[in-house]
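Data first, discussion second: the structure below is written as structure tokens.
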Amino acid sequence: MQLALDASIANVPATERTASELDDMDTLVRTYRPRLLRFVAFSVGDADLAESITQDCFLKAYNARDRFRGDCSISTWLTSIAVNLIRDQQRLQKFRFWRQARATAIDITEAANFLPSNERSPESRLLVKEKAGQVYAALQNLSPNQRTVFLMRFSEDLELSEIAAITHIPVNTVKTHLHRALKSVRNQVRAAQSAALPAPSSDAVAPQRRRKARTSQPAAASASPEITASHPAGETL
Amino acid sequence: MNSHPDQLASIPAEFSAAHHLTPDQLDDHLIGDLAPAPAAHLAACPLCAERVALARSPISSFQQVSTAWSERRSATLPIPIPTQRPSWQRHTAWATATLSMALGFAFINATHQFSVLNTPQPAPATSARFTPVQQPVGPKARLFPETASLAPSPRATHISADNHMLRAIDASLDPSTDSPAALGLLPAAAPNTGPLTSIQD
């Protein structure tokens with residue numbers, strides 16, 4: 001629906017389009033609310049608080065629509081307003097619920113039930129649910145800045161320059177935050193996956209080792225160049 | 001991918017065949033800041049492409065779930081737009097309601113008074129004085145035919161006839177009419193009237 005809307009308004013001049021979009025509050029909310037709610041909700045970790053912040057965001061945008069110059073897209077402008085509102089919440093110490101018991105916390109397992117079921121098998125749905133839960137748990141251990149830029153890049157698909165413009169921090173600092181956030185998320189996801197795997201018993205490991213020792217010589221002799229090539233990373237996620 | 005096709009063409013082939021992406025370069029690719037040389041290698045190396053897909057998998061799963069959640073949440077929670085009437089409309093509505101109530105009370109009061117006036121008055125006690133009938137009996141006589149038969153006729157001729165009859169009765173009962181003069185037993189006028197017993201010459 002978003003793509004169809006974008007395609008239908010592609011031929012309209014940008015200034016007229018933004019002015020009409022900002023004046024039509026109903027269309028503005030229908031178009032940008034899911035995206036904005038997703039960013040705010042997974043930033044604050046509270047569904048009700050995210051609803052409130054999202055509503056405040058649209059109210060501020062509507063009141064300040066005359067000051068919108070069209071330098072960026074409406075989505076970017078709305079996201080910057082949401083970032084400021086989230087920071088206000090952080091300053092007011094209303095973020096304590098993030099790490100504590102939250103009555104309206106987002107249940108990622110329940111959220112995964114909303115995935116469309118017509119294009120994937122139950123096994124793949126379960127896998128997606130498990131991975132999403134691991135990333136969501138890792139997000140909670142990030143700093144607010146890392147979480148913000150991570151969500152902007154990997155959930156909202158914003159470019160580095162857009163993230164820098166929204167958060168008012170240099171691009172290199174954005175890259176640094178993203179690198180740290182990625183490493184932290186990767187390590188936590190890997191730890192969660194290794195913890196979820198059942199530990200192999202000694203009876204099951206011994207025959208595998210014997211079989212591997214028997215077949216190691218022919219396999220090494222017939223290995224392809226791609227497999228035997230040096231791999232500097234030597235690790236996978 | 002940030003690499004341009006011209007840049008990809010200028011990259012030595014041995015680089016893309018020998019050097020796989022480091023974890024930092026994988027992160028650079030996920031972030032969107034991969035240099036052209038590693039990008040060219042990534043385009044040619046299925047092993048690194050698989051590593052990239054493996055690294056992207058949890059993030060894309062999270063993106064799918066979060067998108068589904070937010071769309072579902074936005075679809076199930078429609079935003080109610082409060083429609084409040086302007087102040088002049090509210091004032092007009094209050095004035096109309098007040099006026100309607102006042103008119104209703106006035107109508108009820110008028111109906112009550114009309115019904116009281118139309119109620120037949122109880123008959124007065126027996127009196128010798130003549131009291132002419134002034135108020136005709138209204139439609140209640142038609143509503144109650146058993147009492148209407150006892151009531152006087154509402155027509156003017158009947159009322160005047162009744163008045164004449166009542167005057168005649170009153171006159172017949174008046175004691176002043178029983179004097180001898182009234183009965184014609186005495187002379188009509190006598191300036192020096194003496195006692196009746198005196199004999200006049």
Under 4.5 Å to a heavy atom of chain B? For A/F39 that would be neither
Please classify the contact between A/L160 and chain B as side chain, backbone, both or neither, with a heavy-atom cut-off of under 4.5 Å. side chain
Kindly indicate whether the side chain of B/L30, heavy atoms from C-beta on, has any atom under 4.5 Å from the side chain of A/R153. no
Do NZ/NE/NH1/NH2 and the carboxylate oxygens of A/K183 and B/D27 come within less than 4.0 Å? no
Heavy-atom pairs under 4.5 Å with chain B are the metric here; pick the option from A/L182, A/V189, A/L37 that has the most. A/L182
Which bit of A/L151 comes within less than 4.5 Å of chain B, counting heavy atoms only: side chain, backbone, both or neither? side chain
Does anything in residues 61-70 of chain B reach chain A? List residues with heavy atoms under 4.5 Å apart, or say none. B/S61, B/F62, B/Q63, B/Q64, B/V65, B/S66, B/T67, B/A68, B/W69, B/S70
Minimal non-hydrogen separation, B/R73 against A/R33, with atom names: O-NH1, 4.2 Å
Residue from A/K131, A/E156, A/R38, A/K129 scoring the most non-hydrogen pairs under 4.5 Å with chain B is A/R38
B/I59 and A/F154: which non-hydrogen atoms are nearest, and at how many Å? CG2-CB, 3.4 Å
